[in-house]
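Down below is the structure, laid out as structure tokens.
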Amino acid sequence: MPRAVIVAFGLLLLLALATAGAAYWMMLQMPGASYQGTPAPLDTEGRALRDRLQEHVRMLADEIGARNYWQPEAKQAAADYIDHTLREAGHEPIRHPVPTRDQAFHNIEVRLPGDALPSQIFVIGAHYDTVRGSPGADDNASGVAVLLELARLLRDAELDQSLHLVAFVNEEEPFFGTAAMGSLRYAHAALERGDDIVGMISLEMLGYYSDEPGSQSYPPLLGHFYPERGNFVAVVGSLSARALVRQALEAFREHADVPSEGLAAPELLRDVLRSDHWAFQQMGYPAIMLTDTANFRNPHYHGPGDTPDRLDYETMTRVTIALAKAIETMTRR
């Protein structure tokens with residue numbers, strides 16, 4: 001082989017290695033360390049929080065059940081339950097209508113004004129609708145339950161930035177990406193008003209965890225870099241939201257006694273945009289997802305077996321407590 005060819009091949013190899021190293025650093029390198037160990041038992045407040053989370057999921061997924069366009073009474077009942085629970089926690093929720101074909105449903109919002117920087121807004125959201133045929137305990141009564149308890153835990157928090165907590169409607173098909181998608185309508189209205197949304201976190205399936213080997217799967221190649229046990233919560237976003245992924249994961253890890261992983265990936269990996277944060281990214285706002293990884297872990301995803309009895313409420317409690325503290329950290333400047 002001529003020397004020039006060898007040199008050229010060597011340079012290409014070095015470039016490939018450098019590119020791979022840069023890609024690894026951009027996508028996978030994250031601040032802090034995932035929690036390892038055995039957490040202490042829940043205290044009295046923690047057990048009460050666990051019981052409330054379980055009751056929210058039971059009400060939404062068992063008492064009300066599947067809640068979608070074809071079951072509008074159930075969808076309305078879910079909205080009413082969310083509204084009532086927020087009022088019981090001391091808030092005055094705002095309902096935003098979302099026209100949906102021949103019907104109208106609602107986003108439900110609570111606003112906590114910041115003190116030092118009230119015009120800067122951080123949004124936390126979770127969708128309350130389900131696919132047809134599924135009671136939606138993990139997807140997404142679990143996310144809504146965490147949202148409701150965040151509203152309770154953060155009611156009297158001292159925040160520099162404003163915090164908006166929103167239960168979104170119409171995340172599931174056939175409305176994802178359409179004008180009837182609740183989060184897209186909300187984000188578009190925020191953009192038209194000129195709202196300064198500095199970050200958005202979508203709570204998307206937060207109830208299913210497993211310590212069994214092989215219980216976690218991944219999109220192609222990612223399994224080489226992440227755990228095989230589905231016992232962690234994931235902070236996920238596109239490369240454009242990498243700074244927010246790192247900020248949220250670092251803040252979460254400061255307070256968590258739950259394992260956690262982070263990923264900022266190119267949008268070609270469509271799985272990083274499969275929730276309401278997609279809508280905010282479309283409007284140019286930094287937005288990410290907190291998730292138990294959905295179908296990459298939960299075998300009952302979008303099926304009739306997504307029932308309340310299959311969720312891990314102790315871990316959900318630990319996630320909720322750590323997330324509340326992380327949000328306080330992130331909204332102080």
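For clarity, every value in this text was computed on a predicted model and none was experimentally measured.
The one candidate from Asp139, Asn107, Val169 that meets the side chain to side chain contact (heavy atoms under 4.5 Å, CB included) condition with His127 is Asp139. Of the residues Pro299, Ser215, Ser142, the one that meets the side chain to side chain contact (heavy atoms under 4.5 Å, CB included) test with Tyr208 is Pro299. If you run side chain to side chain contact (heavy atoms under 4.5 Å, CB included) between Met316 and each of Val233, Ile321, Leu53, only Leu53 comes through.
Remark: the Asn231 side chain and the Asp211 side chain contain an N/O donor-acceptor pair separated by less than 3.5 Å. Side-chain contact check for Gln282 and His188: no donor-acceptor pair (N or O, by modelled atom type) lies under 3.5 Å. Gln71 and Asn68 form a side-chain donor-acceptor contact under 3.5 Å, judged by distance and modelled atom types alone. Side chain to side chain, Gln216 and Arg297 meet the donor-acceptor criterion of an N or O pair below 3.5 Å. Inspection of the Asn170 and Thr100 side chains reveals an N or O donor paired with an N or O acceptor under 3.5 Å. Looking at Asp138 and His300, their side chains never bring a donor and an acceptor atom within 3.5 Å of each other. The closest side-chain donor-acceptor pair between Gln29 and Arg246 falls under 3.5 angstrom.
For residues 35-54, there are no ring-ring contact (aromatic ring centres under 6.0 Å, His included) pairs, not counting sequence neighbours. Residue pairs that meet the ring-ring contact (aromatic ring centres under 6.0 Å, His included) test with at least one member in residues 69-126, sequence neighbours left out, are His56-Tyr81, Tyr69-Phe175.
Partners of Pro308 by side chain to side chain contact (heavy atoms under 4.5 Å, CB included), not counting sequence neighbours, listed by chain and number: Val57, Ala61, Asp62, Ala137, Tyr313.
Within the 3.5 Å criterion, the main-chain N or O of Gly65 finds a donor-acceptor partner in the side chain of Arg67.
At a threshold of 4.0 Å, the pair Glu55-Arg58 counts as salt-bridged, since one of the basic side-chain nitrogens sits closer than that to a carboxylate oxygen. Here Asp257 pairs with Arg318 in a salt bridge; the nearest charged N to carboxylate O distance falls below 4.0 Å.
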In sequence, state the C-alpha distance, the side-chain angles, and the governing distance for Glu204 and Asn140, and then conclude on side-chain contact (heavy atoms from CB on, under 4.5 Å). CA-CA 6 Å; Glu204 181 65 71; Asn140 190 34; 3.9 Å; yes

The test is side-chain contact (heavy atoms from CB on, under 4.5 Å); show your working for Met181 and Asp276 and say whether it passes. CA-CA 9 Å; Met181 183 180 184; Asp276 288 301; 3.6 Å; yes

Residues Glu267, Trp278; criterion side-chain contact (heavy atoms from CB on, under 4.5 Å); working and verdict: CA-CA 10 Å; Glu267 293 182 23; Trp278 170 87; over 6 Å; no

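Closest approach of Pro227 and Glu261 over heavy atoms only: CG-OE2, 3.5 Å.
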